[in-house]
Amino acid sequence: MVSAVELKLLTIVAERVLEERLIRDLRSLGARGYTKTEVTGEGSRGVRASEWEGKNVKIEAIVSPEVADRMFERLAEAYFPHFAVIAYVIPVHVVRGDKYI
Amino acid sequence: MVSAVELKLLTIVAERVLEERLIRDLRSLGARGYTKTEVTGEGSRGVRASEWEGKNVKIEAIVSPEVADRMFERLAEAYFPHFAVIAYVIPVHVVRGDKYI
Amino acid sequence: MVSAVELKLLTIVAERVLEERLIRDLRSLGARGYTKTEVTGEGSRGVRASEWEGKNVKIEAIVSPEVADRMFERLAEAYFPHFAVIAYVIPVHVVRGDKYI
Amino acid sequence: MDALGALTGNLLSPIVLAFALGMLATLLRSPIGFPEELYRALSIYLLLAIGLKGGVELRHASLAQLWAPALATVLLGLITPVSAYGILRRLGRFDRINAAAIAAHYGSVSAVTFIAAQSFGRSLGVPEEGFMPTLVALLEVPAIVVALLLVRMRTPGAASWSEALHEVLTGPSVFLLLGGVGVGYLAGPERFAAVAPFFVSGFQGALVLFLLELGMVAARRLRDLRRVGPFLIGFGVLVPMLHGALGVLLGSWAGLSVGGSAVLGAMVASASYIAAPAAVRIALPEANPTYYLTASLGITFPFNLTLGIPLYFWLAHLIGG
Amino acid sequence: MDALGALTGNLLSPIVLAFALGMLATLLRSPIGFPEELYRALSIYLLLAIGLKGGVELRHASLAQLWAPALATVLLGLITPVSAYGILRRLGRFDRINAAAIAAHYGSVSAVTFIAAQSFGRSLGVPEEGFMPTLVALLEVPAIVVALLLVRMRTPGAASWSEALHEVLTGPSVFLLLGGVGVGYLAGPERFAAVAPFFVSGFQGALVLFLLELGMVAARRLRDLRRVGPFLIGFGVLVPMLHGALGVLLGSWAGLSVGGSAVLGAMVASASYIAAPAAVRIALPEANPTYYLTASLGITFPFNLTLGIPLYFWLAHLIGG
Amino acid sequence: MDALGALTGNLLSPIVLAFALGMLATLLRSPIGFPEELYRALSIYLLLAIGLKGGVELRHASLAQLWAPALATVLLGLITPVSAYGILRRLGRFDRINAAAIAAHYGSVSAVTFIAAQSFGRSLGVPEEGFMPTLVALLEVPAIVVALLLVRMRTPGAASWSEALHEVLTGPSVFLLLGGVGVGYLAGPERFAAVAPFFVSGFQGALVLFLLELGMVAARRLRDLRRVGPFLIGFGVLVPMLHGALGVLLGSWAGLSVGGSAVLGAMVASASYIAAPAAVRIALPEANPTYYLTASLGITFPFNLTLGIPLYFWLAHLIGG
Ligand SMILES: Nc1ncnc2c1ncn2[C@@H]1O[C@H](COP(=O)(O)O)[C@@H](O)[C@H]1O
Ligand SMILES: Nc1ncnc2c1ncn2[C@@H]1O[C@H](COP(=O)(O)O)[C@@H](O)[C@H]1O
Ligand SMILES: Nc1ncnc2c1ncn2[C@@H]1O[C@H](COP(=O)(O)O)[C@@H](O)[C@H]1O
Ligand code: NA
Ligand code: NA
Ligand code: NA
């Protein structure tokens with residue numbers, strides 16, 4: 001069987017205006033890559049600046065548990081107070097997972 | 001470390017014509033938000049009305065286990081018999097998860 | 001409660017040029033369906049042919065653990081050496097999961 | 001009228017050729033990558049454009065000219081779903097639900113077939129009345145309601161009936177057509193002149209792009225031809241001819257010109273594949289989409305586009321010319 | 001000038017009617033499915049088109065004609081955020097941050113309002129100066145900077161200030177406008193002729209499609225009217241009139257024609273809803289978007305489109321005619 | 001011919017300026033948000049439009065006029081990948097696989113370069129023959145086959161060879177070009193007239209939008225200039241000049257007009273960045289895309305667009321004028 005490493009899949013859904021900043025943060029905290037999807041959604045908070053542009057972004061990154069934790073902290077301190085953001089983590093088995101750590 | 005609550009990520013992939021109804025059901029069964037992605041796909045069933053429009057929708061919602069169960073039941077009774085729908089649940093750790101319950 | 005079978009959610013993110021081939025492989029190895037999303041992303045490898053087209057594809061398939069393993073092997077041997085691909089597996093609970101095996 | 005010449009002329013028109021090219025693309029598995037957003041953008045544009053032009057021209061129409069064709073249209077919208085349903089049940093041995101689902105499509109109208117008929121008439125120098133887009137909107141709704149009623153009389157309790165109706169009434173085709181008619185009517189010819197280059201000059205070319213994509217979609221439907229069986233294939237060719245003749249006849253009685261009654265014939269002959277599928281999917285989810293989509297999009301649309309439209313013009317010419 | 005006739009003429013123009021149709025679509029929950037990509041494509045097209053035309057015509061303008069209107073524009077970009085801020089703080093009792101956020105929007109400019117004013121003037125036979133697109137770009141930036149400074153003088157340390165500035169300066173509206181002006185200026189009228197059918201003849205029609213979608217978006221904002229309170233509703237109507245009058249006046253002093261000062265008035269009266277929201281969201285994340293988006297897009301834009309623009313033309317006519 | 005004037009004229013044409021503006025947007029990190037779907041829509045439109053026009057004009061061409069240029073084109077499609085491969089192997093010391101990958105690109109053709117050359121010629125009053133779009137399709141395929149054969153003779157077993165061929169033959173550029181030619185030919189000038197406003201008048205303007213985006217993409221490739229090394233940069237400028245001269249010469253021998261041989265020169269000089277990358281990625285996955293994409297899109301395309309095209313016209317003028 002192919003070796004599969006257990007890592008974390010960190011998913012962030014956020015208003016589009018944050019896209020660049022979130023990716024910069026992810027990289028600086030140790031993520032080696034990410035995948036981005038254009039999504040829409042509704043949540044607890046009301047309008048957001050990007051609402052009339054119609055879209056949020058979903059950013060998914062395979063990271064080590066430490067990077068996931070660091071990003072959680074960054075989100076809690078820099079984004080949660082004022083922005084429409086949601087984030088969660090799922091344990092995943094990754095093929096050739098060593099290249100993402 | 002930032003507190004992360006364990007919740008369920010409920011994912012539904014369905015033909016587009018169901019979008020509004022599924023979201024209404026989700027809300028009425030207790031979901032506090034959702035994220036929607038336009039997707040395409042193939043499955044066991046043949047054509048669907050929206051096929052020539054080319055897309056399905058994927059709806060993802062962070063919910064409590066009870067809401068996930070209720071939605072599973074709703075799907076099984078109201079949608080599975082006649083529509084192209086698939087649904088699954090994954091346990092996730094959510095930052096500030098308390099706001100989704 | 002509705003019966004939910006435990007299966008694997010196999011996710012593959014790859015450059016668009018591989019789309020058709022990956023789907024063909026998935027089908028031939030036993031997947032009964034898939035869901036496709038257009039995404040973008042950055043990773044460890046540099047440019048790719050489809051880069052200037054701007055997008056990758058994310059293919060998600062609910063499969064049995066055996067199919068997931070077989071596809072992991074196929075990916076490792078046929079795609080990883082030369083293409084920009086990443087793949088991971090998550091255990092999921094699927095409504096009416098028996099139709100995907 | 002030189003029937004053969006007109007037929008060749010139609011088959012060699014850029015829009016029919018573009019449709020054929022689209023079919024070829026699917027058959028060769030050519031990855032053209034026509035963006036779905038372009039397809040949606042083009043339908044919005046086409047529907048709005050015919051609405052606008054129709055609205056501007058509606059100003060020249062008096063109520064006296066309008067009422068008879070409008071009545072004929074509504075009548076046709078009530079009769080044709082019933083005739084289609086009867087044929088499907090009696091001759092085709094379809095179950096109630098699938099028969100109603102298909103009947104909803106054949107009673108309603110395909111806006112693109114209308115546009116193609118209009119273009120054909122103009123290329124022949126036989127234009128139709130300017131108020132026809134209003135009739136398209138009128139024809140779109142009743143058949144779907146009638147067809148759903150046909151099932152409902154026996155099967156009570158389909159919860160989503162009102163949703164289906166809302167879907168048809170506010171759906172893109174009725175809304176944009178009528179909305180365009182309203183805007184065009186209120187704005188009038190002078191204020192419309194500024195936007196005419198966009199909505200009038202560009203129209204035929206945009207239609208070519210649209211039919212390229214529609215050809216690809218229709219060809220995908222062809223793969224299901226075997227699954228729908230020979231009866232539905234015959235149905236998809238013969239019922240349009242029946243309905244088309246009826247449309248030409250009633251149109252002519254209602255005082256429409258040759259072009260007008262031919263276009264009405266094409267409208268009645270056509271099968272909806274935008275409004276009806278969405279409404280039927282909601283109200284009759286048990287119906288099998290393979291039947292109604294393959295018949296309307298895979299058989300009837302190509303038939304009308306190539307042979308049907310010249311036929312209805314030829315009929316109208318015989319009756320009214 | 002026949003003020004009432006002009007007003008009716010404006011209300012019945014295809015672009016205003018399309019905006020109303022879009023609002024109706026949202027109110028009826030009509031699933032038109034306007035693709036977001038079409039909306040973005042249309043904004044790129046519209047901004048580039050007015051830039052190009054402005055650039056071609058800029059060749060005919062001498063520096064002597066240009067400097068006074070340019071100065072007036074920059075002055076207006078500095079004054080109007082301060083006046084808006086003052087009104088919001090004093091009369092509206094808004095906190096510092098929300099006041100600055102709203103002020104940034106009302107000091108900046110909405111390119112679509114500019115386009116609508118331009119079209120209106122031409123339909124009246126009162127065209128504005130050809131160099132106006134350059135002034136739009138000039139008016140867009142200063143207000144946002146001033147508004148952010150108003151908060152910053154007291155609240156140090158907002159890390160993302162420079163990001164916000166980069167956002168405005170390189171944002172689509174400033175970049176495409178100025179870029180278009182540059183390309184048009186360098187290419188000149190002869191080389192521009194080849195692309196004119198696309199950018200000039202198609203312009204008004206593309207604007208109709210764009211306003212259809214903008215109507216849908218604006219109607220969604222109306223749902224928040226209750227949440228913003230009566231003060232902001234009044235603000236959204238009266239401040240544009242105040243700023244508009246100021247714009248007409250200064251434009252007229254700076255030597256602009258009747259059409260030019262009316263269009264400048266409309267520009268100054270308008271509230272940004274592309275550049276400003278993006279910049280404010282970054283620099284003042286604590287501000288509540290419901291306030292500034294609902295005011296600028298739900299109140300001020302429809303007001304200017306329907307009543308404001310004819311009003312500024314009437315004013316300009318009184319002063320300069 | 002005033003070479004310098006023509007060069008300036010080219011550099012100041014809206015399409016070259018739009019390309020430069022696009023590059024600037026990337027360099028300034030301006031978030032214009034050009035939708036990918038618009039880009040795809042524009043390519044479909046442009047390819048179909050040149051096909052259609054070419055098809056309509058093909059009716060005026062006799063086989064006698066056609067065979068020599070067609071033969072010359074196929075010859076050039078066979079020779080140029082070999083010459084490129086030789087240079088890359090001998091002088092550039094590239095390994096077999098990367099040399100073949102790059103050679104496939106330089107032997108094939110860029111449709112946009114063709115369009116730009118065509119526009120330039122018309123602006124000079126030196127139009128090319130109407131059947132040239134057919135030659136573009138002819139030139140696109142052979143080079144890719146030859147280049148893949150060059151590797152294959154030594155490296156057996158690449159499973160996906162047939163897939164790569166299918167990719168090129170049914171890929172959007174060959175399919176839409178040839179499909180357009182077919183539709184235009186069958187429809188003929190009269191039936192084409194109805195769609196001409198869309199496909200002909202709008203063409204140059206749509207090209208401006210397209211090159212705006214292409215400029216952004218090309219500028220992103222510039223970031224990799226350092227990684228490809230000085231040899232490939234020189235290659236990207238000198239080989240087009242070599243191939244371009246060859247194209248002009250053979251075109252002139254084959255009896256093409258000055259405009260025709262200049263455009264053929266530009267075609268031969270150009271490097272594919274749509275068909276070839278997709279095919280090469282499939283058939284030679286071990287080749288490094290940084291090389292072939294940066295060379296063809298980052299170096300050769302901008303070179304041809306700005307300096308190359310005027311050069312080939314000047315050459316054609318010298319030889320045939
Ligand atoms: N319970 C949820 N499940 C999934 N996505 C959510 C949920 N709540 C919010 N979101 C997403 O996160 C975005 C911001 O949410 P909020 O900050 O609650 O307004 C929304 O637009 C949704 O895309
Ligand atoms: N095994 C699967 N894995 C992932 N997605 C699936 C799978 N089967 C079906 N789907 C998705 O669910 C939709 C409906 O499937 P079906 O009802 O089987 O036709 C498809 O169009 C796919 O998007
Ligand atoms: N760590 C990661 N997390 C999520 N997605 C990734 C990650 N690394 C790469 N990807 C995705 O996989 C694609 C190919 O990655 P690569 O082969 O590393 O260039 C990228 O374009 C991303 O979409
Ligand atoms: Na019908
Ligand atoms: Na303002
Ligand atoms: Na070449």
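Keep in mind that the numbers below use all heavy atoms, side chains included, and drop hydrogens, waters and symmetry copies. Chain letters run A, B, ... following the sequence lines, proteins first and then strands; every chain starts at 1.
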Sort F/Ser123 into side chain, backbone, both or neither according to what part of it lies under 4.5 angstrom from a heavy atom of chain E. neither
Heavy-atom pairs under 4.5 Å with chain F - which of E/Gly171, E/Ala187, E/Ser43 has more of them than the others? E/Ala187
Max heavy-atom pairs within cutoff under 4.5 Å with chain E, candidates F/Ser201, F/Ser30, F/Ala25, goes to F/Ser30
Spacing of E/Tyr45 atom OH and F/Leu212 atom CG [to the nearest 0.5 Å]: 14.5 Å
If I measure from the heavy atoms of chain E, does F/Arg122 come under 4.5 Å with its side chain, its backbone, both, or neither? neither
So for F/Phe34, is it side chain, backbone, both, or neither that comes closer than 4.5 Å to the heavy atoms of chain E? both
Between F/Ala41 and chain E, with a heavy-atom cut-off of 4.5 Å, which part of the residue counts as in contact: side chain, backbone, both or neither? neither
Which region of E/Leu186, side chain (C-beta onward) or backbone (N, CA, C, O), has a non-hydrogen atom less than 4.5 Å from a non-hydrogen atom of chain F, or is it both or neither? both
Please report the interatomic distance CD(F/Glu37) to CZ(E/Arg40), rounded to the nearest 0.5 Å. 7.5 Å
Exactly one candidate in F/Leu17, F/Leu12, F/Asn10 meets side chain to side chain contact (heavy atoms under 4.5 Å, CB included) with E/Arg191; the answer is F/Leu12
Roughly how far, to the nearest 0.5 Å, is OG1 of E/Thr170 from CG of F/Leu27? 12.5 Å
If you count heavy-atom pairs under 4.5 Å with chain F, which of E/Ala49, E/Gly182, E/Ser173, E/Gly179 comes out on top? E/Gly179
At a 4.5 Å cut-off on heavy atoms, which part of F/Leu11 comes close to chain E: side chain, backbone, both, or neither? neither
Quick check for you: to the nearest 0.5 Å, what is the distance between F/Ile32 atom CD1 and E/Ile44 atom CD1? 6.5 Å
Tell me, side chain or backbone of F/Leu28 under 4.5 Å from chain E's heavy atoms, or both, or neither? both
From F/Leu24 atom CG to E/Phe175 atom CZ, the distance as rounded to the nearest 0.5 Å: 4.5 Å
Below 4.5 Å, heavy-atom pairs only: which of F/Ser119, F/Ala18, F/Gly33 has the largest tally toward chain E? F/Gly33
